Amino acid sequence: MTGTVPALRKGYADSPFGQLHYAECGTGEPVLLFHQTPRSWTEYLRVLPLVGAEFHAIAMDTLGFGASAKPEGPHSIERYADAAEALIQALELDRYHLVGHHTGGLVALELAARHRTRTASLLLSATPYVDEEKRRGGGHAVDHVIPRPDGSHLLDLWNHRREFYRPGEEAALNRYVIDALTVLDHVTEGHAAVRRYAMAERLPLVTARTLAVCAPGDHFALPSLTKLAAALACETRLLSGGHTPVPEQLPEEFARTVVEWAAAGRG
C-alpha cells in the first residue's frame, strides 16, 4: 500500500434510532467496515489508517454497541443494517465498498443485498453461514458473564477470550473487555441476531464482487468459508494466521487484502 497515513477523525450522525458513532480516515471512495459482536470500531483501530491511506475508510459502532445508540431490542441483522443505512444517508455516500467481520459480515451482506447498484465490492471476513445447522447450535455463550459485587466477572470476560489472543496482544484483549463491558446487559445479543438472520433469502440478491476470507485459527468461522463460496460463487482466501480477532492480530495483511479487493472494484 502507498500513501501517507491520514489522521483519524471521529463523529456522530443522527438517525431514527439515536446517534450513531463512527471513526474515519482518508478521502476518496468510501470503504465501510463493520465489526464483530460485542466489539466497536476499535476492532479496526490499526486497520483504519492503513485503508484510509488509499480510500475513505469508515468504521461505525453497530447500533447497540460501542458509543452508538442502544435502543431496546429485539436485536436483528436487519435493524443493524437499517442503522448502517442511516449513517450512509447522513454521510451522503453514493457508492461504497463493504467490509464485515463475523457479525459485521452479515450486516455488510444485508446492505449488499439491499443496494446492489451502490455496492462496489463486498469483503466478508469470518462471516457465519446461517443455516439450520447454525441455528441448532444454540447460544454463543463465550461472552456471557454474571456481574458480581467483587468484580470477578471482569476476569471472566478476559479469560473467555484469552485463548484467541497471543502473548503480547493484551492491548487488543483490553479493548475487547472494554467493549463487552459497555453492553454487558446484552453482550450476546449480536450472536442471537446472527442465528435469527434469514440468510438463505438474502444470498441470491447479492450481486457485488465478493471475497470471503478467514483466519486459519478461527474455528468458529472457518467451516463457513466453503459454504459461502458455494452460495455466492465467490473467491475465498485463507489469511496467513490469526484467530477470531484477526483484524487486530494481522492489521497490515487485513488492510492490504481490503485495499487490493476494493481497488479492483473501483468505480
Side-chain angles (χ1 to χ4, degrees), residues 1 29-37 43-44 47 51 54-55 57-59 62 77-78 80-81 84-85 88 93 95-135 193-195 197-247 250-251 253-267:
M1 291 182 292
E29 289 189 13
V31 176
L32 292 160
L33 301 103
F34 302 98
H35 60 80
Q36 68 170 300
T37 298
E43 181 164 59
Y44 295 113
V47 170
V51 177
E54 304 288 342
F55 290 92
I58 306 163
T62 300
I77 297 300
E78 292 82 359
Y80 296 157
E85 283 184 326
I88 288 169
L93 307 180
R95 196 165 184 265
Y96 34 76
H97 306 269
L98 300 173
V99 178
H101 184 59
H102 275 270
T103 306
L106 293 184
V107 178
L109 188 147
E110 174 62 23
L111 287 172
R114 296 181 186 186
H115 303 295
R116 287 175 283 181
T117 61
R118 297 173 65 184
T119 302
S121 71
L122 175 64
L123 193 152
L124 303 174
S125 172
T127 299
Y129 186 86
V130 186
D131 53 11
E132 289 308 310
E133 180 182 356
K134 176 72 173 178
R135 297 184 212 285
V194 166
R195 295 192 303 277
Y197 183 52
M199 191 176 196
E201 300 172 10
R202 310 306 287 162
L203 286 168
L205 300 178
V206 176
T207 58
R209 299 173 55 255
T210 302
L211 174 66
V213 305
C214 194
D218 190 343
H219 57 270
F220 295 110
L222 194 57
S224 291
L225 194 61
T226 54
K227 294 180 179 181
L228 282 172
L232 293 168
C234 70
E235 294 184 37
T236 64
R237 189 174 304 171
L238 200 61
L239 300 176
S240 66
H243 202 302
T244 303
V246 70
L250 300 174
E253 181 178 353
F254 192 92
R256 182 171 63 252
T257 303
V258 169
V259 166
E260 289 175 354
W261 188 250
R266 284 184 190 271

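Since we're looking at a predicted model, the values are computed, not measured.
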Exercise. Between Asp218 and His102, is a side chain to side chain contact (heavy atoms under 4.5 Å, CB included) present by the stated rule, with each step listed?
Worked result: CA-CA 10 Å; Asp218 190 343; His102 275 270; 2.7 Å; yes
Which atom pair, heavy atoms only, marks the closest approach of [X] to [Y]?
X: Val99; Y: Ala108; answer: C-CB, 4.2 Å
X: Leu93; Y: Arg118; answer: O-NH2, 2.7 Å
X: Pro216; Y: Leu222; answer: O-CD2, 3.7 Å
X: Leu106; Y: Pro128; answer: CD2-O, 3.7 Å
X: Val246; Y: Ser125; answer: CG1-OG, 4.3 Å
X: Gly241; Y: Ala215; answer: O-CB, 3.4 Å

For this session: Go through the steps to decide whether Thr117 and Thr207 satisfy the test side chain to side chain contact (heavy atoms under 4.5 Å, CB included), and finish with yes or no.
Result: CA-CA 9 Å; Thr117 61; Thr207 58; over 6 Å; no
Scan the side chains in residues 223-232 for donor-acceptor partners under 3.5 Å anywhere in the protein, sequence neighbours excluded, and list what turns up.
residue, atom, partner, partner atom, Å
Ser224, OG, Tyr129, N, 2.9
Lys227, NZ, Asp131, OD2, 3.4
Lys227, NZ, Glu133, OE1, 3.3

Can you check whether [X] reaches [Y] side chain to side chain, under 4.5 Å on heavy atoms?
X: Leu122; Y: Leu111; value: no
X: Leu211; Y: Arg237; value: yes
X: Tyr44; Y: His101; value: yes
X: Leu98; Y: Phe34; value: yes
X: Val194; Y: Lys134; value: yes
X: Met199; Y: Leu109; value: yes

For this session: Would you check if there is a donor-acceptor pair between the side chains of Thr62 and His35 at a distance under 3.5 Å?
Result: yes
Exercise. Can a donor-acceptor pair be found between the side chains of Gln36 and Thr244 at a distance below 3.5 Å?
Worked result: no
Problem set entry | Output field: ring centroids His219/His243 closer than 6.0 Å | yes
Can you check whether [Y]'s main-chain N or O pairs, donor with acceptor, with [X]'s side chain at less than 3.5 Å?
X: Glu253; Y: Ser240; result: yes
X: Arg209; Y: Trp261; result: yes
X: Arg135; Y: Arg195; result: yes
X: Tyr197; Y: Glu78; result: no

Problem set entry | Set of ring-ring contact (aromatic ring centres under 6.0 Å, His included) partners for His115, sequence neighbours left out |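 ring-ring contact (aromatic ring centres under 6.0 Å, His included) check on His115 returns nothing, list empty.
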Exercise. Taking only residues two or more places apart in sequence or in another chain, which ones pass salt bridge (charged side-chain N to carboxylate O under 4.0 Å, His left out) with Glu201?
Worked result: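 Applying salt bridge (charged side-chain N to carboxylate O under 4.0 Å, His left out) to Glu201 gives none.
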Problem set entry | Pairwise distance OG1(Thr37) to CD(Glu43) - rounded to 0.5 angstrom |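 One gets 9.5 Å once the value is rounded to the nearest 0.5 Å.
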Problem set entry | CZ-CG distance between Phe254 and Leu123, expressed to the nearest 0.5 angstrom |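 Phe254 CZ to Leu123 CG: 6.0 Å, rounded to 0.5 Å.
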